[in-house]
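In this chain, residues are counted from 1 in sequence order. Note that ligands are numbered from 1 as they come in the structure, with each ligand's atoms numbered from 1 the same way.
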Amino acid sequence: MQFGYFNDAEREYVITTPETPLPWINYLGNREFFSLFSNTAGGYSFYRDAKLRRITRYRYNNEPTDNNGRYFYIKDGEINATWNIGWQPVRTQLDSYTCRHGMGYSIIESEKDGIFARQEAFVPIDDPCEINRITITNHSSMPRTLKMFSLVEFCLWNAVDDAANFQRNFSIGEVEIGDEGSALYHKTEYRERRDHYAFWSTNCPVNGFDTSRDAFCGPYRGFDNPAAVEQGHCFGSVASGGAPVGVHQIDLLLSPGESRSVIFLLGYVENHRNEKWEAPNVINKARAKALMAKYSDDKQVDEAFAALSDYWKTMLGHFSVLSDDRKLDRMVNIWNQYQCMITFNMSRSASYFESGTGRGMGFRDSCQDLFGFVHLIPSRARTRILDIAATQFEDGSAYHQYQPMTKQGNLEVGSGFNDDPLWLIAAVTAYLRETNDFSILEEQVPFDNGKVPSQSLMEHLRRSFRYTKDHMGPQGLPLIGRADWNDCLNLNCFSEQPGESFQTVENIKGGRAESVFIAGMFVKYGSEYADLCAHMGLKQESAEARNSVAKMSRTVLSAGWDGEWFIRAYDANGEPVGSKTCDEGQIFIESQGMCVMAGIGVENGYAERALKSVKERLDTEYGIVLHQPAYTSYRLNLGEISSYPPGYKENAGIFCHNNPWISCAEAMLGHGNRAFEVYRKITPSYLEESSAIHRTEPYIYSQTIAGKDAPNFGEAKNSWLTGTAAWTFLFVSQYLLGIRPTLDGLVIEPCVPSHLHEFAVTRVYRGATYLITVTNPNGVERGVTAVTMDGEVLDGNLLPVAPEGAVVTVAVTMG
Ligand code: GLC
Ligand code: GLC
């Protein structure tokens with residue numbers, strides 16, 4: 001069953017009913033002002049940091065679901081009906097409805113009794129505001145008297161405090177009314193330590209306004225039947241304490257065929273301390289007014305919208321494919337890259353499943369997100385790398401998370417996730433392969449957010465590498481610490497108290513547990529580090545790194561091999577995890593994916609064997625589960641993984657993030673059909689028809705899909721903010737289509753399903769545009785027989801780096 005369809009030409013997903021299985025959302029904003037926007041206009045906005053600068057209020061885990069947003073009510077005098085353009089919160093049945101989520105914008109169109117309304121929402125490229133343009137058209141044959149009400153509810157900035165500290169918060173709310181109610185300013189705490197305020201304004205004179213939620217709604221009523229709307233007029237309330245909202249009332253008289261548009265702006269303003277006020281207790285509105293003036297008529301809004309479209313057109317022009325598989329093309333060209341931008345911006349902070357108050361930026365998450373982003377805006381990737389590196393400790397370990405606004409590491413969670421340091425190497429080498437900008441390695445970056453003086457970024461990488469090397473366990477495998485990639489495999493923390501954090505209880509002396517997964521990472525990213533050293537002329541360091549890597553490979557082939565697959569880890573007692581000797585959790589996906597991607601066991605057949613075991617034991621109709629058999633009881637020595645009911649999340653769910661590791665690994669062995677099969681099973685465009693089961697948005701990846709042990713097998717959760725976006729893009733662009741950046745330039749090495757007989761890729765790389773066509777006349781899965789560039793036959797498949805601005809044509813023949 002579908003609830004909409006793709007419109008590839010417009011780069012949109014068109015939702016045709018407001019009653020989707022779950023709210024299907026979009027993200028507006030690219031740099032500092034961000035909004036979550038659902039198919040019923042629900043969601044919220046924040047400036048840079050969803051925890052510390054929340055602009056509008058949102059209530060997670062509420063009922064009905066997705067209850068708060070930027071809402072527009074239409075009260076129809078003639079028909080005596082009240083409805084919302086986006087259906088919520090009144091939920092009056094509409095005569096027609098569509099919501100189009102596009103690149104950085106969403107448009108809802110609905111019609112009721114001959115009144116057609118459109119809500120266009122977007123955040124302009126460079127300004128801290130969300131624009132909502134409402135257009136109302138009278139499609140009927142009689143004149144119509146309408147009253148429109150707008151609504152946003154302000155959040156008192158700190159989203160955690162806002163949802164908890166009511167004894168204070170009900171006494172501090174403050175607003176100012178400007179332009180006779182057209183501009184409503186939210187200025188809670190501005191009188192004291194804050195230098196920022198928000199506003200909700202309209203370009204049109206109003207017939208009324210409210211700023212007190214209590215007044216607007218009336219006692220014991222909700223946004224679904226506010227008193228003001230029912231009575232047909234606002235009360236002119238000025239919130240003082242209580243809950244500030246922004247409500248405009250605009251009365252419209254529309255003759256048959258007449259159309260009116262009204263522009264609303266939700267803005268955020270920061271003032272310098274010495275220019276906060278224009279009069280005692282009156283905020284300085286200059287910046288707000290400048291924003292309002294900039295978006296005060298349709299032409300300005302159209303231009304800002306066009307600029308946003310151009311921005312995305314250019315952005316997505318960096319990599320695009322044309323093949324005869326539409327579902328592949330639409331993911332590669334549009335949605336997968338779009339999601340990579342969103343995960344870059346948000347890390348794991350704010351979605352409909354991440355409250356924006358918790359995790360902030362993850363060290364490993366943000367490093368991996370760069371794999372799918374670095375080709376889009378390398379300069380922002382560069383800044384991000386330096387920010388992340390500054391949260392590293394002097395010994396090479398790292399804060400596991402940091403807050404985007406303060407860029408300070410999160411003390412509560414701290415450090416000790418022993419895969420983290422190696423992801424920094426992975427991020428930097430990905431950046432270098434893309435840009436060739438070796439100057440980044442000379443950047444001086446502090447440790448521990450400035451508490452320890454700066455060293456070069458290269459020195460940071462050196463310490464990442466060394467940290468792993470210096471923290472080996474009894475079998476010569478890397479110590480896992482609190483957890484590795486699998487946050488829930490907590491082998492050194494035995495938690496017995498409800499509510500305790502599984503990751504941070506430290507009660508096992510010595511922490512001897514080891515990770516075969518980190519060993520695989522050490523081989524993969526340690527080799528990349530060795531390549532980097534070689535590239536920089538650090539011969540000895542490179543040779544030493546290679547030795548350590550080779551030694552680790554050998555250790556994995558002995559201590560890490562179980563006979564038919566790679567072991568996952570050794571617990572604190574030295575017992576294997578992910579071995580046939582275990583009663584449950586006999587085989588795990590992560591070590592198979594990472595070790596094969598690292599090239600371990602390719603020569604002696606272990607890699608083939610491991611992937612075969614994955615297929616036999618872990619594969620399902622909806623993707624590859626994390627391990628099997630699922631844990632059916634709580635295991636003190638394994639931690640959070642065994643706390644989930646079987647089939648969910650890390651307990652044998654389909655954790656989409658690591659499925660592309662298997663696709664990459666299969667591609668490395670030349671298995672294009674299998675690699676593609678693994679890709680297809682979790683890729684949303686191929687799952688659109690099962691939306692009723694899958695439930696999350698069919699245009700983007702979710703973190704997990706319930707595994708075969710779960711009653712709801714196939715149901716996805718935690719959409720949007722997942723490393724799946726970056727890894728699937730890496731797989732599909734670099735392995736499947738095989739356009740792979742290296743330190744020396746682009747290498748072409750596709751590994752495709754045999755039905756893919758030809759495709760064309762446009763790739764902007766280091767400032768030049770490569771127009772690449774690949775033909776595969778014999779339907780092979782791998783193998784390049786000829787490459788020409790601008791007509792010249794090349795010796796091999798490494799493309800010479802073309803000068804900036806050049807457009808080159810590349811023809812590749814597979815066979
Ligand atoms: C979540 C975390 C990520 C972790 C994964 C597996 O996606 O954000 O860091 O690797 O879960 O536990
Ligand atoms: C990751 C996991 C989640 C776990 C969390 C703990 O996000 O996906 O299951 O609860 O880490 O930090």
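Within ligand 1, the atoms closer than 4.0 Å to a non-hydrogen atom of R348 are 8 (O), numbered from 1 in the order shown. Below 4.0 Å from some heavy atom of F655 lie the following atoms of ligand 1, by number and element: 5 (C), 6 (C), 7 (O), 11 (O). Atom numbering of ligand 1 starts at 1 in the shown order; those under 4.0 Å from a heavy atom of N486 are 12 (O). The contact set between ligand 1 and R359, taken as ligand atoms under 4.0 Å from a residue heavy atom, comprises 2 (C), 8 (O). Counting the atoms of ligand 1 from 1 in the order shown, those under 4.0 Å from a heavy atom of Q703 are 1 (C), 7 (O), 11 (O).
The residues D619 and K681 are annotated as salt-bridged, a charged nitrogen and a carboxylate oxygen being separated by less than 4.0 angstrom. The pair R54-D162 does not meet the salt-bridge criterion, since no charged nitrogen lies less than 4.0 angstrom from a carboxylate oxygen. A salt bridge links E590 to R568: at least one charged side-chain nitrogen sits closer than 4.0 Å to a carboxylate oxygen. Salt-bridge annotation for E621 and K708: absent, with no side-chain N of the basic residue lying under 4.0 Å from a carboxylate O of the acidic one. A salt bridge links E666 to R674: one of the charged nitrogens lies within less than 4.0 Å of a carboxylate oxygen.
Under the ring-ring contact (aromatic ring centres under 6.0 Å, His included) criterion, F588 pairs with H627, not counting sequence neighbours.
In this structure, D365 has a heavy atom closer than 4.0 Å to ligand 1.
Considering backbone and side-chain N/O atoms, H657 never comes within less than 3.5 Å of an N/O atom of ligand 1.
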